[in-house]
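First the structure, in the form of structure tokens, and then the observations on it.
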Amino acid sequence: MPIPARELATHGPVIPVIVIEHVDQAVPMARALVAGGVRVLEVTLRTPAGLPSIERIAREVPDAIVGAGTVCSVADAQAAASAGGLFVVSPGFDPDIARACVDLDLACLPGVATAGEVMAARKAGLDFLKFFPAVPAGGIPMLKALHGPFPDIAFCPTGGLTPQTAGNFLALPNVLVCGGSWLTPADALAAGDWARVTQLAQQASALKPVA
Ligand code: 3PG
């Protein structure tokens with residue numbers, strides 16, 4: 001059985017969107033995030049190191065709940081499952097990927113940015129969606145507007161959020177968790193500055209809704 005997608009939102013207020021350049025960064029980075037209270041890790045498939053990083057984290061960091069981001073094809077979803085990922089995040093909604101996730105026992109968090117995409121994803125049985133790219137696609141006013149016709153749909157806004165604005169998103173009734181790349185800055189990963197990653201994770205874990 002896959003973990004329910006909404007479970008991804010129950011381990012803290014922020015899901016980090018991670019770009020890994022070198023697979024050797026994966027395990028210490030994941031441990032640093034977990035030490036800071038962040039367990040759900042979206043490792044993007046944007047770099048060649050993405051997939052092997054998911055594999056290593058799944059094997060060596062048992063407290064992490066690791067999944068694949070930037071999943072753009074059924075083949076990506078299959079690769080994520082083979083690597084031991086537990087969920088997939090896509091920038092957009094593709095019904096083929098949603099169906100594949102059911103077969104692969106993966107939780108599926110596809111991106112949507114319009115009412116039509118919400119309807120298509122809901123038709124595929126999904127009720128927890130990534131709102132992407134959150135700020136360019138309308139930010140808080142758009143999420144408020146979507147809540148009217150879709151009170152049953154919850155979102156993970158991602159794209160353009162900051163530690164300063166995430167609390168405003170978390171205050172919305174249809175936002176369960178936020179996504180963002182600020183927890184794992186490229187320079188911190190390149191320098192192996194795991195203390196900084198833990199500190200950023202601690203700060204993210206402590207974020208509260210700001211009405
Ligand atoms: C992404 O897919 O890159 C995410 O949306 C991260 O966006 P951010 O860098 O604005 O947090």
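Just follow the structure's listing: the first ligand is 1, and inside any ligand the first atom is 1. Quick caveat: nothing in here was measured; it's all calculated off a predicted structure.
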Pull out every atom of ligand 1 sitting under 4.0 Å from any heavy atom of Thr158, numbered as shown with elements.
4 (C), 5 (O)
What I'd like to find out is whether the side chain of Gln203 reaches to under 4.5 Å of the side chain of Val14, using heavy atoms alone.
no
Ligand-residue contact atoms, ligand 1 with Gly180, heavy atoms, under 4.0 Å:
11 (O)
Please examine the side chains of Pro16 and Leu41, heavy atoms only from C-beta on, and report whether any two atoms are closer than 4.5 Å.
yes
Measuring from non-hydrogen atoms of Gly160 to any atom of ligand 1, is the shortest distance under 4.0 Å?
yes
Atom 9 (O) of ligand 1: the protein heavy-atom neighbour that sits closest, reported with distance to 0.1 Å:
Ser181 OG, 2.5 Å
Indicate yes or no: at least one non-hydrogen side-chain atom of Asp193 is less than 4.5 angstrom from one of Gln199.
no
Closer than 4.0 angstrom: is that true for some heavy atom of Arg46 and an atom of ligand 1?
yes
Any atoms of ligand 1 less than 4.0 Å from a non-hydrogen atom of Gly159? List them with their elements.
5 (O), 7 (O), 10 (O)
Does any non-hydrogen side-chain atom of Pro110 lie less than 4.5 Å from one of Leu129?
yes
Ligand 1-proximal atoms of Phe132, by part, heavy-atom distance under 4.0 Å:
side chain
Could you check whether any side-chain heavy atom of Phe131 comes within less than 4.5 Å of a side-chain heavy atom of Val175, counting everything from C-beta outward?
no
Tell me, do Trp194 and Met29 make a side-chain contact under 4.5 Å, heavy atoms counted?
yes
